[in-house]
Amino acid sequence: MREEFEVGIDFRNSLNPEQYAAATAPDGPALVLAAAGTGKTRTLVHRVAFLVERGVSADRILLLTFTNRAAKEMLERARALAGDGAGGIWGGTFHHMANRLLRRHAPLVGYKSDFTILDRDDAESLIAECVKQRNLNRKEFPKKDVLMGIFSAAANRDKPIGPSLEARFDGTEVDPDDVLLVLRDYQSRKKQLDAMDF
C-alpha cells in the first residue's frame, strides 16, 4: 500500500478516485488520458501540491499547456493550492518554455542568447534565396513551401533526410542532391543570421 501524503491538503476528499490516483502517482513517468471536462487542470494542480508537500522544490516542476490563458490559470491555481511552496514553478506554453530553454542554452548549439526566431514566411523566403543562389528555381524544382515542409518533417523526425528525398523524388527531374544543397545552405544562412526556425 502506498504511503499517504495528506499533510496540508485532503487529496482523497478533494479529488475523485481517478484524479487522486493521477495526482498522487509514484515518482517517475505517468500517462494520464482524460477527455474534456474531466478535471485535468484540477488533477495537475493537485499533483503540484502533492509534489511540493513531499519536498520537491518548485523550480524542479514544469507545467506546460497549449494556450497562454490555460498556462496562466494553471499556474495561478497551483500557487493558490500549494501556497508559497509553488512560487518558483516553471510554466507556460510549449513554445514559451522552449524559447526560454533555447535562449538560456543557445551558446551550446552555436547561437547567441538573443537569436531571432524566423516565422514560416521568413523561413520560406530564406529558402527561396538559397534556391535562387544555386540557380535551381526551375519549374520542376520544389517550391519554397514544399521544401520547408520536407526540412521540417526531417527535423521533427530526427532522421537523415537523404533516403526520404530519394524516395520522394524518384522518377522525377529533381536531383535529391540539389535539395540537400539547399538544406545545407539554409542551415548555414540561419547560423550566419543567428536565427532559428520552428
Side-chain angles (χ1 to χ4, degrees), residues 28-36 38 40-41 44 59-75 89-198:
L31 174 63
V32 179
L33 301 175
T38 57
K40 291 182 293 297
T41 300
L44 285 171
D59 65 0
R60 304 216 9 111
I61 298 172
L62 173 64
L63 286 175
L64 296 173
T65 189
F66 292 99
T67 68
N68 287 321
R69 190 178 125 249
K72 182 180 178 195
E73 178 188 347
M74 198 163 43
L75 288 168
I89 293 175
W90 275 54
T93 64
F94 289 93
H95 285 113
H96 171 74
M97 293 309 297
N99 183 34
R100 278 182 70 180
L101 289 169
L102 280 171
R103 290 199 186 280
R104 179 176 284 188
H105 302 290
L108 296 174
V109 290
Y111 283 85
K112 296 182 211 158
S113 294
D114 63 347
F115 63 85
T116 301
I117 299 176
L118 302 174
D119 64 19
R120 187 165 184 100
D121 288 341
D122 293 334
E124 287 180 1
S125 293
L126 191 56
I127 289 170
E129 286 177 28
C130 296
V131 169
K132 187 175 180 181
Q133 287 173 350
R134 291 229 174 240
N135 286 325
L136 294 169
N137 47 343
R138 302 180 301 268
K139 185 175 133 188
E140 70 276 357
F141 199 75
K143 302 295 178 225
K144 61 186 179 184
D145 58 325
V146 173
L147 291 170
M148 183 74 216
I150 292 168
F151 300 162
S152 180
N156 291 340
R157 291 187 187 110
D158 195 26
K159 299 225 184 249
I161 193 170
S164 65
L165 288 178
E166 289 175 18
R168 180 174 184 128
F169 296 114
D170 186 37
T172 70
E173 296 179 41
V174 177
D175 184 347
D177 289 336
D178 287 339
V179 176
L180 281 173
L181 289 172
V182 171
L183 173 59
R184 288 188 192 115
D185 291 349
Y186 174 62
Q187 291 169 333
S188 175
R189 291 281 288 133
K190 285 191 300 180
K191 282 275 195 185
Q192 290 169 2
L193 295 169
D194 199 38
M196 293 189 193
D197 61 20
F198 284 102

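- Shortest non-hydrogen contact noted between T93 and T67 is CG2-C, 3.4 Å.
- Taking 4.5 Å as the limit, every side-chain heavy atom of E129 sits out of range of all side-chain heavy atoms of K132.
- For the atom pair L101 CG and H96 NE2, the distance stands at 9.5 Å (nearest 0.5 Å).
- A donor and an acceptor atom, one from each side chain of Q187 and R184, are nowhere located under 3.5 Å apart.
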*Evaluate the side chain to side chain contact (heavy atoms under 4.5 Å, CB included) criterion for residues V182 and L180: first the C-alpha distance (whole Å), next the side-chain angles of each, then the deciding distance (0.1 Å), finally the verdict.*
CA-CA 5 Å; V182 171; L180 281 173; over 6 Å; no
*Take L44 and V32 through the side chain to side chain contact (heavy atoms under 4.5 Å, CB included) test and state the conclusion after the steps.*
CA-CA 10 Å; L44 285 171; V32 179; over 6 Å; no
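- At most 12 heavy atoms of other shown residues, nucleotides or ligands fall within 6.0 angstrom of atom CD in E173.
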Residues 141-167 side chain polar contacts: donor-acceptor under 3.5 Å, at least two apart:
| residue | atom | partner | partner atom | Å |
| --- | --- | --- | --- | --- |
| N156 | ND2 | S152 | O | 3.3 |
| S164 | OG | I161 | O | 2.9 |

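- By the 4.5 Å heavy-atom criterion applied to side chains, M196 and T116 are not counted as neighbours.
- Across all non-hydrogen atoms, the minimal contact from T38 to A35 is OG1-O, 2.6 Å.
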*Could you please spell out the steps behind the side chain to side chain contact (heavy atoms under 4.5 Å, CB included) verdict for V179 and F169?*
CA-CA 10 Å; V179 176; F169 296 114; 4.0 Å; yes
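- Between R100 and W90, the closest side-chain pair of non-hydrogen atoms falls below 4.5 Å.
- A cation-pi contact, defined as under 6.0 Å to the ring centre and within 45° of the axis, links R103 to F115.
- In this structure, the salt bridge (charged side-chain N to carboxylate O under 4.0 Å, His left out) partners of R134, at least two apart in sequence or on a different chain, are D185.
- Remark: C130 SG to N137 CG distance equals 12.0 Å, nearest 0.5 Å.
- One finds the CG atom of L118 at 9.5 Å from the CD1 atom of I127 (value rounded to the nearest 0.5 Å).
- Between F66 and F94, the two ring planes are tilted [angle within 30° to 60°].
- Side-chain contact between S113 and R104 is absent, with no heavy-atom pair separated by less than 4.5 Å.
- A distance of 4.5 Å separates CG of L33 from CG of L31, quoted to the nearest 0.5 Å.
- Using a 4.5 Å cut-off on side-chain heavy atoms (C-beta onward), Y186 and K191 make no contact.
- Under the salt bridge (charged side-chain N to carboxylate O under 4.0 Å, His left out) criterion, E73 pairs with R77, not counting sequence neighbours.
- Atom-to-atom distance recorded for L126:CG and Q192:CD is 9.0 Å, nearest 0.5 angstrom.
- By the 4.5 Å heavy-atom criterion applied to side chains, D178 and R138 are counted as neighbours.
- At most 12 non-hydrogen atoms from other residues, nucleotides or ligands lie less than 6.0 angstrom from NE2 of H95.
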*Assess whether side chain to side chain contact (heavy atoms under 4.5 Å, CB included) is satisfied between I117 and F198, documenting all intermediate values.*
CA-CA 8 Å; I117 299 176; F198 284 102; 3.9 Å; yes
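- A distance of 10.0 Å separates CD1 in I89 from CG in L62, rounded to the nearest 0.5 Å.
- Heavy-atom contacts from other residues, nucleotides or ligands closer than 6.0 Å to CG of N68 number 12 or fewer.
- The side-chain heavy atoms of L183 and L181, taken from C-beta on, include no pair separated by under 4.5 Å.
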